[in-house]
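The next block holds one structure in the form of structure tokens; read it before the comments.
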2 protein chains.
Amino acid sequence: MPDEDRLYQSLKRAILEQRLPPGTRLRELQLAELYGVKRGTVRTALTRLSQDRLIRHRPHAGAQVARPDAGEARDLFATRRILESAVVRMLAGRIDADGLRALRRLLDEEQQAYRQQRPRDGLRLSVQFHAELARMTGNRVVQDFIEELLARTPLVLLSAGPAPRSCVNHDHGAIVDALERGDAEAAERLMQAHLDELEQGFLQPSEPPPADLRALLFDDEEASGECA
Amino acid sequence: MPDEDRLYQSLKRAILEQRLPPGTRLRELQLAELYGVKRGTVRTALTRLSQDRLIRHRPHAGAQVARPDAGEARDLFATRRILESAVVRMLAGRIDADGLRALRRLLDEEQQAYRQQRPRDGLRLSVQFHAELARMTGNRVVQDFIEELLARTPLVLLSAGPAPRSCVNHDHGAIVDALERGDAEAAERLMQAHLDELEQGFLQPSEPPPADLRALLFDDEEASGECA
DNA sequence: AACGGCTTGATTGTCAACAATCGCTTACGG
DNA sequence: CCGTAAGCGATTGTTGACAATCAAGCCGTT
């Protein structure tokens, strides 16, 4: 079933890249036509996304991209602090030269993307940095949890304040330095501060009008958008 | 859709209570007849369980209860240590009298169940103790993660060694005492030790023959079984 | 003009029949 | 006797049609 997985991955990625704002209505027939699949396929993909808490699925009311409230945002960031602190604690000192090189390469690409006004790529690389840290622990369970939280993070950010968040001054570099020194405490502290900063980027709620889907969904390889 | 949720919850609970051994084949038609629902209903329930990693779903090969390997067992326990340490750290000193009373009541019931040779109830109450701790943090994200890990724990235990695990000498009481004293460090240490103990209950692998399902699934309110 | 009920269109949920695939048995040849 | 390949039964995957439900607009009454 490559069809269903394609759809699932595509929607998940669209949410992760902040192309699908919270509250966006997802109509089965519309998605089926857009992706050239049957409605049943759409249905199971939506079931899976619902289980991931990325969409809300109320009986007979259809599916819409999840719109987490402030409480969920708080809980989600608290959980990220717990898990990602543990990740850097595990990694400190134990990471090898190849790993450090890979992380620094991501850092470079990320900063370059932001400098060149490609904030979408920047966001993607920033997320990838966190995912890569989790992957390096070798703990698949932690990795899966963190990836789930990474996918939900754009939703809590966009639900809380309007637009282009996560253009924070990236202190990812300092974390890598601490990892290289084997300074677990500093790495933990820096990671927590980093996540605090991200969380504090909150603003007052707003209501973004859900636009047409086609442009949002089939943008997988395009770059566009500005960064405030 | 109460039907589909009923099935999902029932299967999940059967796995949690170790009534469904790892590797048990779950045939769609069979489940549909057992629960008096249509096959489509079974199908979406299985999709959800698969997303929870409680079952394995290979195309055209059907669904079976997940059979996690030793690596997954290690990762799962490591993750439980991370999350549940954080839970008791958050709770230490901040838990109120009502909370302490509720926990101690669970402890009593649990010990009583084991003393009265009702290991199934004991297991259920033991799991409930961990779930209750997570709930008390007020962090729904952490709570959901821990509940997912609790559901998967029986699978990694049964996949690694044969039968009636988790009849460990329960040191839950000491954890509650530390929480009452507000001794976060001790609570963390005790929780880690407790989980270590559980993990060390491993034995060599074995192959339990998947028996008939009806007896296993519709045992929701019955008590039976012995404890080695 | 405000209100309530009704009709209608759109959307989701359900179902049963059909198609595809897999594992196993069986038959055959070496 | 062993290995191999074809056939078969069982199981899963897919599809289109139908039923149920909801939201919105319309109409008539007060």
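Each chain gets a letter, A, B and so on, in the order its sequence line appears, and its residues count up from 1.
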Provide, to the nearest angstrom, the distance between the [atom1] atom belonging to [X] and the [atom2] atom belonging to [N].
| X | N | atom1 | atom2 | result |
| --- | --- | --- | --- | --- |
| R39(B) | dT11(D) | CZ | C1' | 8 Å |
| H60(A) | dG9(C) | NE2 | P | 20 Å |
| L29(A) | dC18(D) | CG | C1' | 15 Å |
| D3(A) | dT15(D) | CG | P | 8 Å |
| R27(B) | dG23(C) | CZ | P | 13 Å |
| K38(B) | dT11(D) | NZ | P | 18 Å |

Quiz item: OP1 or OP2 of dG13(C) less than 4.0 angstrom from a side-chain nitrogen or oxygen of H57(A), does that happen here?
Solution: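 Looking at the OP1 and OP2 atoms of dG13(C), one of them is under 4.0 Å from a side-chain N or O of H57(A).
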Quiz item: Out of dT11(C), dG13(D), dT14(C), which has the shortest distance to the side chain of R43(A)?
Solution: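 Closest nucleotide among those given: dT14(C).
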State whether [X] and [Y] are salt-bridged, where the test is any N-O pair (Lys NZ or Arg NE/NH1/NH2 against Asp/Glu carboxylate O) under 4.0 Å.
| X | Y | value |
| --- | --- | --- |
| E28(B) | R43(B) | yes |
| E199(B) | R81(B) | yes |
| D144(A) | R53(B) | yes |
| E110(B) | R124(B) | no |

